[in-house]
Asker: 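Okay, handing you the structure first.
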Amino acid sequence: LVVNMSTSAVGGFKVEIQNEAGKPMPGFALSDADEIIGDDLERVITWKGRSDVSSLAGQPVRLRFVMKDTDLFAMRFR
């Protein structure tokens, strides 16, 4: 998962991946998410240092974005 985003110095950004019922997917919960601070055109999202989301391929998912003083411009899976 790659995002184009920008935070202020006191801002922060995290992503949780949920199943279609809204429950966090194992390993992708908000508590697993690494917080991002800064400005980046193609920041790779990580959960406990891992960025591989291929185990979720073919499954319906929901994304929960938790942002503090952040602008999110775009996101994509690659």
Side-chain angles (χ1 to χ4, degrees):
L1 177 61
V2 179
V3 296
N4 174 348
M5 46 72 64
S6 177
T7 72
S8 71
V10 296
F13 180 82
K14 287 185 174 187
V15 180
E16 175 178 82
I17 301 180
Q18 303 173 344
N19 64 19
E20 61 187 330
K23 302 290 183 194
M25 300 292 279
F28 300 97
L30 196 58
S31 60
D32 299 317
D34 297 323
E35 186 171 36
I36 298 171
I37 298 170
D39 184 2
D40 205 323
L41 293 174
E42 290 192 42
R43 175 65 66 98
V44 175
I45 302 299
T46 58
W47 297 265
K48 292 189 177 177
R50 296 177 337 132
S51 63
D52 184 10
V53 294
S54 64
S55 63
L56 305 176
Q59 300 180 54
V61 296
R62 297 168 62 171
L63 298 177
R64 176 183 173 202
F65 297 100
V66 177
M67 303 182 292
K68 178 183 175 189
D69 204 17
T70 300
D71 293 317
L72 175 63
F73 304 106
M75 53 76 58
R76 69 180 168 123
F77 287 99
R78 65 171 165 178

Asker: Compare every heavy atom of Ser51 with every heavy atom of Val44, then report the nearest pair and how far apart it is.
Answerer: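 Minimum heavy-atom contact is CG1-CB, 3.4 Å.
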
Asker: Look at the side chain of Asp34 and the backbone N and O of Gly49, then say whether any donor-acceptor pair between them is shorter than 3.5 Å.
Answerer: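 Yes: the side chain of Asp34 pairs with the backbone of Gly49.
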
Asker: Would you compute the distance between atom CG of Leu30 and atom CD of Glu35 and round it to the nearest 0.5 angstrom?
Answerer: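 Atom-to-atom, Leu30:CG and Glu35:CD are 9.5 Å apart.
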
Asker: When rounded to the nearest 0.5 angstrom, what distance separates CE in Met67 from OG in Ser6?
Answerer: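 One finds 12.0 Å between CE of Met67 and OG of Ser6.
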
Asker: State, with a plain yes or no, whether a side-chain heavy atom of Asp39 is found less than 4.5 Å away from one of Thr7.
Answerer: no

Asker: Please report the interatomic distance CD(Glu42) to CG(Asn4), rounded to the nearest 0.5 Å.
Answerer: 8.5 Å

Asker: For the NZ atom of Lys14 and the NZ atom of Lys68, what is their distance to the nearest 0.5 Å?
Answerer: 12.0 Å

Asker: Taking all heavy atoms of Pro24 and all of Glu16, pick out the closest pair and write down the distance.
Answerer: CG-OE2, 3.5 Å

Asker: Of all the heavy-atom pairs spanning Trp47 and Val15, show the shortest one and how long it is.
Answerer: NE1-O, 2.7 Å

Asker: For Gly38 and Met5, which heavy atoms make the closest approach, and how far apart are they?
Answerer: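 Minimum heavy-atom contact is O-CE, 3.8 Å.
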
Asker: CD of Gln59: more than 12 outside heavy atoms within 6.0 angstrom?
Answerer: yes

Asker: Nearest 0.5 angstrom please: Leu1 CG to Asp52 CG, how far?
Answerer: 12.0 Å

Asker: Only one of Ile17, Val2, Ile36 clears side-chain contact (heavy atoms from CB on, under 4.5 Å) with Ile45; which?
Answerer: Ile36

Asker: Is Arg64 positioned over the aromatic face of Phe28, cation under 6.0 angstrom from the ring centre and no more than 45 degrees off axis?
Answerer: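 So Arg64 doesn't make the cation-pi contact.
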
Asker: Can you give me the closest heavy-atom contact between Gln18 and Met25, atom names plus distance?
Answerer: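 For Gln18 and Met25, the tightest heavy-atom pair comes out as C-CG, 3.7 Å.
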
Asker: State, yes or no, whether a side-chain contact exists between Phe65 and Met75 at a heavy-atom distance under 4.5 Å.
Answerer: yes

